[in-house]
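Report on the structure given below.
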Amino acid sequence: MMLSAILAGLSLTTTLAWAHTSSLLQRQSTGTISHSMNVTNCPGYTLGSLAENEYGLTAQLSLAGTPCNAFGTDIMDLTIEVTYQSQTTLHVKIYDTANQQFTIPELVIERPPTPTESFTGSSDLVFNYDPSPFAFWITRRSDPEAMPIFDTRITSLPSTPIPPFNTSDPRTAFDGFPLVFEDQYLQVASALPYGTNIYGLGEVIASSGFRRDIGTDGGVGTIQTLWARDVGDPIDQNMYGSHPIYLEHRFNETTNTSSSSGVLLLSSAGSDIVLQTPDNSKVSLIEYRMIGGILDFYFFSGPTDMEVIAQYGATIGYPMWQPAWGFGFHLCRWGYVNISEDIANVAAMRAANIPLEVQWNDIDLYHAFRGFTTDPVRFPGEELQQFIEQLTTNHQHYIPIVDAGIGATLNATDVYYPFSDGVTMDTFIKNPDGSLYLGQVWPGYSAFPDWFAENTQAWWTEALTNWTELGVNFSGIWLDMNEASSFCSYSCGTGANFSALKPFSVIGAVATGYPECYNETLWGPSGNMTINGTSTNSCPSETMETLKKRGIGAGGEPSVNLTSPPYAIHNGYGAVSTNTLATNATHYGGYVELDVHNMFGMMEEMTTHLALQTIFQGKRPFLISRSTFPSSGKWTGHWLGDNYSKWQYMYLSIQGVLQFQIYQIPMVGADTCGFNDNTDEELCNRWMQLAAFTPFYRNHNTYGALPQEPYRWDSVANASRIAIAARYSMLPYWYTLFANASTNGLPPVRALFYEFPIEPELFNVDRQWLIGSDILVTPVLTPGATTVDGIFPGRGTVVWRDWWTHAVVDANPDGNTTLSAPISHINVHIRDSSILLLHQEPAYTIYETREGPYSLLVSLNKAGTALGNAYVDDGESYPPGTNRILNFSASNGELDIESTGEYPIPQKVETVTILGVQQPTGVTLNGDTIEGWTYDGANEELIISNLSIELNAAESKLCWE
Ligand SMILES: *[C@@H]1O[C@H](CO)[C@@H](O)[C@H](O)[C@H]1NC(C)=O
Ligand SMILES: *[C@@H]1O[C@H](CO)[C@@H](O)[C@H](O)[C@H]1NC(C)=O
Ligand SMILES: *[C@@H]1O[C@H](CO)[C@@H](O)[C@H](O)[C@H]1NC(C)=O
Ligand SMILES: *[C@@H]1O[C@H](CO)[C@@H](O)[C@H](O)[C@H]1NC(C)=O
């Protein structure tokens with residue numbers, strides 16, 4: 001009785017709130033239109049009423065024949081707007097003239113302003129079109145005869161049908177690439193050079209590697225579905241984030257040149273993006289199939305990969321400024337079940353002398369799995385507060401999890417403000433009838449924040465503020481379950497019997513999986529490991545081939561529901577509402593979940609980021625989140641989700657880190673040592689070292705798995721201390737790279753070919769990566785290895801030196817070089833021509849490390865020159881305060897340091913190491929003779945120590961001769 005009274009009360013409030021927005025709801029009810037399910041007869045469009053303006057042109061497009069109504073209703077009248085946004089960026093927007101289709105609001109993603117000058121006659125890119133049938137193509141002004149960057153005249157190309165996803169349901173099996181613009185289906189395709197190099201279009205773990213598979217003759221290489229989905233890191237399927245941006249690296253063998261471009265389709269619609277190479281066509285193509293929205297394209301001219309990524313950043317917003325402490329080592333697990341475990345963990349890290357910057361808690365922290373609470377018995381507020389105060393005193397930090405679903409209260413005496421305030425402040429998503437939409441997550445029946453609603457920011461900020469007052473004095477926030485995840489489908493909680501559903505119980509769950517090649521003799525029995533007579537941790541013959549790619553046309557997964565919407569995107573769960581919110585759930589402003597689903601995470605990130613700016617006035621927020629979308633990087637970093645403690649997943653994490661650099665969310669990393677299943681000593685040893693050279697560095701483990709903190713095994717502790725020390729000494733370099741990301745959109749982590757664009761052997765390298773332009777990482781990715789093969793870019797023109805020994809690598813110019821890689825050793829190399837500012841004394845925390853002196857590492861090329869720079873500020877202010885830019889250059893036996901800016905750097909450079917010099921006879925600093933130097937002829941290494949170089953001086957000069 002009490003329950004129904006509460007629900008009746010809810011409907012009343014929410015119906016009132018709904019009344020003024022109901023008109024937009026009408027496009028939900030499609031009735032029983034019969035669809036042809038075939039685009040072959042779709043008529044395309046004819047262009048008319050073209051009007052040029054200072055910045056581009058506008059024109060009308062009208063349907064060129066009888067509607068085909070393939071998967072919806074053809075829209076008769078479209079408008080095309082072409083805007084030459086800048087020298088390098090061209091915007092082509094095709095929308096329904098009546099403006100009924102969903103368009104991402106400017107408040108959600110700010111778009112570039114109208115240009116202030118005309119680029120129509122000068123921009124790198126040129127828009128070309130045929131009026132009838134309407135088609136457009138984008139060329140480079142500098143090379144109009146070359147194959148266009150984007151070309152929708154593909155209808156005239158020979159083509160083969162894309163195989164059906166499900167042989168018993170032909171609805172996705174159709175031929176031809178006409179422009180289709182329907183209310184529930186949009187299609188556009190573009191030709192690509194045969195076999196070109198495509199990157200991006202995620203979030204995905206691609207079996208093809210970082211470089212996407214565009215198919216060989218007659219084949220579909222990739223069907224990339226964009227539909228945010230809570231799923232434990234599957235291969236070749238849609239997952240947490242949606243990023244409709246690709247980078248094309250186009251290499252011309254004849255001229256031995258490369259030029260890169262990028263294409264963004266700024267849409268939140270559920271989509272299939274297909275890469276294929278039709279039979280006998282000698283052309284590859286990209287086809288977009290979307291279940292809503294408009295065609296909102298941005299084209300980026302590059303011509304380098306780095307420039308394409310930066311131009312994308314300029315369009316959707318550069319990544320947020322990271323606080324320096326965020327680069328420290330983070331430790332988490334699901335299963336730190338009480339405050340004593342947190343305390344013991346922090347102490348054990350200290351005792352093992354393994355730097356710990358941030359202690360995290362998963363949902364164990366919560367009372368009854370409810371967000372913004374602490375369990376009164378296991379995490380009493382006062383003890384938690386003391387614990388966090390102690391961390392703060394030691395310059396360490398604390399980060400708790402925030403789940404997106406807000407548990408519904410069970411009865412009238414149940415007090416839970418985040419829910420009850422959400423109801424009264426009207427901040428939750430609704431059912432189509434205006435009643436509260438309820439799904440089901442860890443706390444049981446749960447409501448979901450409506451990020452569009454007017455009071456949501458105030459409510460969310462207050463919930464976070466209240467939490468700090470309960471003792472949860474966090475330094476940053478971890479956003480999870482924000483696809484949004486729901487454990488039942490459709491409006492499962494609405495009207496349900498609440499007493500029948502309690503919060504989930506996970507106590508007693510035990511992880512039984514182990515890494516490939518797990519050695520029971522060495523590490524002890526691994527529990528239940530036999531399935532159908534085969535050990536689940538047996539050593540595969542080819543470790544990297546064990547996970548098979550989803551078959552094309554496997555139409556998918558058995559549960560695919562092809563009834564609604566009419567075109568079934570290839571969602572790994574089948575029906576679009578599975579394991580997430582019902583797609584007919586409604587948002588403030590009349591938006592339906594179907595249209596805005598892919599933006600839930602990004603809007604939560606924006607709201608949380610702004611809340612943290614309110615809570616920590618003047619300080620940079622720190623966030624890590626699971627579901628992302630274009631512009632998420634403005635608000636958050638990302639972890640690569642619920643991976644597995646497998647060698648395979650350690651390798652796959654590299655392409656994830658590289659992808660998110662393209663997506664402008666550079667603060668990214670994987671759950672180190674693996675999340676699902678048990679890890680083992682060898683895998684954790686290698687992974688703690690690998691992840692130390694990726695931006696976000698967190699060891700995180702699942703409930704019921706063997707503990708995997710780095711102090712659990714001596715070898716892992718040792719490997720971690722080594723790798724973390726290297727990471728912390730490189731902090732000024734990382735920090736400079738991230739300042740470049742936040743001010744210019746340049747990616748801190750780079751695929752090798754970004755720096756060496758005409759070496760095709762690098763185009764699919766995803767077992768190695770570059771930090772900036774100067775540090776090459778070559779990790780071990782297989783069990784039992786004592787060596788690793790790596791490629792050294794530059795084909796013999798670059799001198800690569802070992803980070804640890806400074807020895808020159810005897811690199812094979814034509815292929816892989818085999819490197820020694822015993823356990824606890826990771827291969828890291830320094831490029832020549834580089835100068836790195838380093839922390840000389842990596843310490844226990846980032847704060848203590850930053851307090852210490854600097855050193856400089858100069859790696860000269862064969863001509864004896866090198867360059868470098870560094871950005872230095874206080875590491876925490878937002879907006880960033882004063883800074884200092886240091887420019888380093890070396891040539892002819894002289895190192896110059898030029899310093900500009902207002903930020904005073906108290907620390908001095910105490911050591912300068914110069915690699916690649918002949919035996920000197922003397923060293924001077926600003927003309928004064930320096931005595932304290934040593935020279936090692938074998939490494940051609942000059943070490944000048946006991947210096948005190950003032951970095952605030954406008955210029956310093958160090959000479960050797
Ligand atoms: C699509 O329609 C065309 C023309 O009516 C027909 O030839 C073709 O077989 C159809 N394709 C499918 C997959 O139904
Ligand atoms: C490569 O460059 C040559 C010479 O400019 C040109 O003829 C050819 O079409 C180019 N190839 C491709 C695939 O663009
Ligand atoms: C109301 O819900 C709370 C919280 O779950 C529970 O502890 C309490 O027993 C419930 N009261 C009644 C009367 O059911
Ligand atoms: C915050 O705490 C105050 C005081 O307990 C309470 O009145 C308010 O409802 C809380 N707000 C939220 C959003 O939890």
Side-chain angles (χ1 to χ4, degrees), residues 13 124-126 137-151 153-154 157 190-198 214 216-217 248-261 277 281-286 301-303 365-374 376 381 385 400 402-409 412-428 436 443 446-451 453-474 477 604 607-608 610-612 614-615 757-758 760 763:
T13 335
D124 295 351
L125 299 175
V126 178
W137 62 100
I138 311 293
T139 50
R140 281 189 196 277
R141 193 177 301 275
S142 60
D143 196 1
E145 300 309 316
M147 188 166 169
I149 282 171
F150 198 83
D151 189 349
R153 290 172 294 179
I154 201 151
L157 291 166
S190 161
L192 294 168
Y194 182 69
T196 192
N197 306 294
I198 301 290
I214 65 174
T216 44
D217 297 307
E248 184 197 344
H249 184 85
R250 194 176 288 194
F251 176 67
N252 187 322
E253 262 175 62
T254 316
T255 57
N256 197 35
T257 56
S258 77
S259 68
S260 296
S261 57
T277 299
S281 65
K282 293 297 170 210
V283 166
S284 299
L285 63 90
I286 180 168
S301 67
L365 174 68
Y366 293 168
H367 181 47
F369 291 108
R370 288 176 174 176
F372 308 111
T373 67
T374 56
Q385 193 165 1
V402 169
D403 277 356
I406 301 294
T409 50
T413 55
D414 184 8
V415 176
Y416 179 45
Y417 294 128
F419 178 75
S420 53
D421 282 11
V423 171
T424 50
M425 293 172 80
D426 193 17
T427 63
F428 289 128
L436 184 68
S446 302
F448 296 87
D450 179 358
W451 309 111
E454 285 176 325
N455 292 331
T456 304
Q457 180 73 62
W459 164 74
W460 195 249
T461 304
E462 189 176 300
L464 282 161
T465 308
N466 280 1
W467 211 19
T468 66
E469 284 158 13
L470 287 175
V472 190
N473 222 332
F474 51 79
I477 288 291
E604 183 191 34
T607 308
T608 308
L610 295 174
L612 296 191
T614 305
I615 295 169
I758 56 167
F763 295 168

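Remember, it's 1-based here, ligands and their atoms both numbered in the order they're listed. Throughout, numbering of the chain's residues begins at 1 and tracks the sequence. Just so we're clear, the structure is a prediction, and the values are computed from it rather than from any experiment.
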Task: Glu604 versus Thr608, side-chain donor and acceptor atoms under 3.5 Å - done: no
Task: Within-4.5 Å side-chain heavy-atom neighbours: Phe428 and Asp450 - done: no
Task: Flag: protein heavy atom within less than 4.0 Å of atom 8 (C) of ligand 4 - done: yes
Open item on the list: Among all the protein's non-hydrogen atoms, which is closest to atom 11 (N) of ligand 4, and how far away is it?
Closed with: Glu462 OE2, 2.6 Å
Task: Side-chain H-bond candidate by donor/acceptor type, Thr277 with Ser284, under 3.5 Å - done: yes
TODO: For atom 1 (C) of ligand 2, state which one of Asn252, Asp143, Thr196 supplies the nearest heavy atom.
DONE: Asn252
Open item on the list: Quick test: of every protein heavy atom, which one is nearest to atom 5 (O) of ligand 2, and how far off is it to 0.1 Å?
Closed with: Thr255 CG2, 3.8 Å
TODO: Drop me the distance from Tyr194's OH to Leu285's CG, to the nearest 0.5 angstrom.
DONE: 13.0 Å
Task: Nearest non-hydrogen protein atom, atom 10 (C) of ligand 4 - done: Asn466 ND2, 2.4 Å
Open item on the list: Whether the Asp124 and Ser301 side chains hold a donor-acceptor pair (N or O, under 3.5 Å, no angle test) is what I'd like checked.
Closed with: yes
Open item on the list: I'd like to check which ligand 4 atoms, numbered from 1 as shown, lie under 4.0 Å from a non-hydrogen atom of Trp459.
Closed with: 13 (C)
- [ ] Distance to 0.1 Å, residue and atom name: give those for the protein heavy atom nearest to atom 13 (C) of ligand 4.
- [x] Asp421 OD2, 3.4 Å
Task: Contact check, side chains of Thr196 and Phe763, non-hydrogen atoms, under 4.5 Å - done: no
